2 protein chains.
Amino acid sequence: MNIGDVSTRSGLPAKTIRYYEDIGLIKPHRSNNGYRCFVEADLHKLAFLGRARALGFTIEECRLLMALYEDESRASGDVKQLALEHLRKIEAKIADLQAMRETLTELVQCCAGDSRPDCPILKDLAGQTELPKQGVKA
Amino acid sequence: MNIGDVSTRSGLPAKTIRYYEDIGLIKPHRSNNGYRCFVEADLHKLAFLGRARALGFTIEECRLLMALYEDESRASGDVKQLALEHLRKIEAKIADLQAMRETLTELVQCCAGDSRPDCPILKDLAGQTELPKQGVKA
DNA sequence: CTTGACCTTCCCTTGACTGGAAGCCCCATG
DNA sequence: CATGGGGCTTCCAGTCAAGGGAAGGTCAAG
């Protein structure tokens with residue numbers, strides 16, 4: 001299989017597949033003409049990576065997950081711990097974003113949004129807040 | 001005011017303040033010794049930027065917001081539109097993360113997390129899913 | 001005079017790719 | 001046999017919003 005086929009079948013861009021080789025996540029063979037030559041196992045790994053990335057795992061976490069996957073004597077507890085840590089990070093991000101959403105929603109509701117210059121959103125950003133609740137979140 | 005004071009008072013790292021000057025968001029004067037010399041207006045702008053960034057606006061959005069802030073004849077509708085677009089993006093991100101959270105939570109719940117190698121999380125990532133609901137999200 | 005804190009510029013690194021240029025390789029058509 | 005097009009290769013640069021650190025100038029205190 002050439003990279004184009006693998007790209008189609010895995011859903012990953014060819015660029016991304018080359019990048020994954022660069023950073024040592026996969027090691028496809030080469031044909032005589034220098035083309036990368038993928039076997040089913042490579043495709044399988046790429047699919048694994050694609051799914052892990054879609055779940056938000058970082059590349060380094062993916063590397064660990066792959067190592068665990070290939071280690072027949074792994075402890076499922078190690079995998080679970082990795083997944084739990086990742087879950088915590090995701091939940092923290094969600095909380096951050098929800099806080100932003102709340103503040104923004106309030107501000108948007110307070111703004112007339114017409115052709116007049118008076119704007120509570122800008123006032124808030126400038127620190128001349130008219131809303132009692134709003135605080136800066138570093 | 002030197003950069004250290006401004007950093008303390010604005011809560012932004014000195015590096016960030018220099019960066020903001022680099023990209024033209026602020027234009028502090030210089031003292032004879034070459035040190036940046038900030039006035040209250042600069043501090044004010046930096047606080048504005050800090051708050052806008054804390055709400056997740058990109059640097060370019062901040063640039064627009066600052067321009068609107070400084071434009072006495074702005075229409076609050078323009079500000080509101082910017083904020084609304086940003087709000088949409090935040091909501092989209094939250095939705096993505098929530099989908100990840102759901103999938104991960106399920107997977108974590110299915111995993112015994114002990115010393116045995118059998119692991120539904122890895123199975124799912126490998127595409128040998130045991131959960132009927134799980135699908136790959138590009 | 002020296003020490004230490006503060007400031008300057010400059011360049012490199014981050015994460016996870018993406019874009020583009022320059023140049024092979026291979027197959028099919030004229 | 002030339003040529004055209006698509007696919008493949010490598011390498012370099014850019015993204016976003018800074019952060020790290022080196023090399024060196026400045027200033028106030030002791």
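Just so we're on the same page: letters track the sequence lines, and every chain starts at 1. For clarity, every value in this text was computed on a predicted model and none was experimentally measured.
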For this session: Take atom NZ of B:Lys89 as the centre, draw a 6.0 Å sphere, and report whether it contains more than 12 heavy atoms from other residues, nucleotides or ligands.
Result: yes
Exercise. Going by distance alone, is a donor N or O of one side chain under 3.5 Å from an acceptor N or O of the other, for B:Glu102 and B:Gln98?
Worked result: no
Exercise. Sub-3.5 Å donor-acceptor pair from the side chain of A:Arg18 to the main-chain atoms of A:Ile3, do we have one?
Worked result: no
Exercise. Could you give the CZ-to-P distance, from B:Arg63 to D:dA18, as a whole number of Å?
Worked result: 12 Å
Exercise. Over how many whole Å does the gap from A:Leu49 atom CG to C:dG15 atom P extend?
Worked result: 17 Å
Exercise. Side-chain contact, heavy-atom cut-off 4.5 Å: A:Asp124 with A:Glu106?
Worked result: no
For this session: Using heavy atoms and a sub-4.0 Å distance, could you list which residues of residues 6-30 of chain B are near DNA chain C? By number, please.
Result: B:Lys15, B:Arg18, B:Arg30
Seminar exercise, completed: By nearest-heavy-atom nucleotide on DNA chain D, the more 5' of B:Glu60 and B:Asn32 is B:Glu60
For this session: Can you pull out how bent the helix from C:dC1-D:dG30 to C:dG30-D:dC1 is, comparing the axes over its first five and last five pairs, to 10°?
Result: 30°
Problem set entry | Residue that, paired with A:Glu21, satisfies salt bridge (charged side-chain N to carboxylate O under 4.0 Å, His left out) out of A:Lys15, A:Arg36, A:Lys45 | A:Arg36
Exercise. Heavy atoms, side chains only, cut-off 4.5 Å: are A:Phe48 and A:Leu65 in contact?
Worked result: yes
Exercise. Has A:Arg36 got a side-chain N or O lying under 4.0 Å from the OP1 or OP2 atom of D:dC8?
Worked result: no
For this session: Assess whether side chain to side chain contact (heavy atoms under 4.5 Å, CB included) is satisfied between B:Tyr20 and B:Arg53, documenting all intermediate values.
Result: CA-CA 12 Å; B:Tyr20 286 174; B:Arg53 292 285 301 126; 3.6 Å; yes
Between the protein and nucleotides 2-7 of chain D, are there any N/O to N/O pairs under 3.5 Å, and if so, what are the atom names and distances?
from, atom 1, to, atom 2, distance (Å)
D:dG7, N2, A:Tyr35, OH, 2.7

Seminar exercise, completed: Ranking D:dT26, C:dA16, D:dA17 by distance to the side chain of A:Arg53, first place goes to C:dA16
Exercise. Hey, are B:Glu85 and B:Arg88 close enough for a salt bridge, meaning a charged N less than 4.0 Å from a carboxylate O?
Worked result: no
For this session: Measure the acute angle between the ring planes of A:Tyr69 and A:His44, then classify it against the limits of 30° and 60° as parallel, tilted or perpendicular.
Result: parallel
Exercise. Do the charged groups of A:Asp114 and B:Lys80 touch, with an N to O distance under 4.0 Å?
Worked result: no
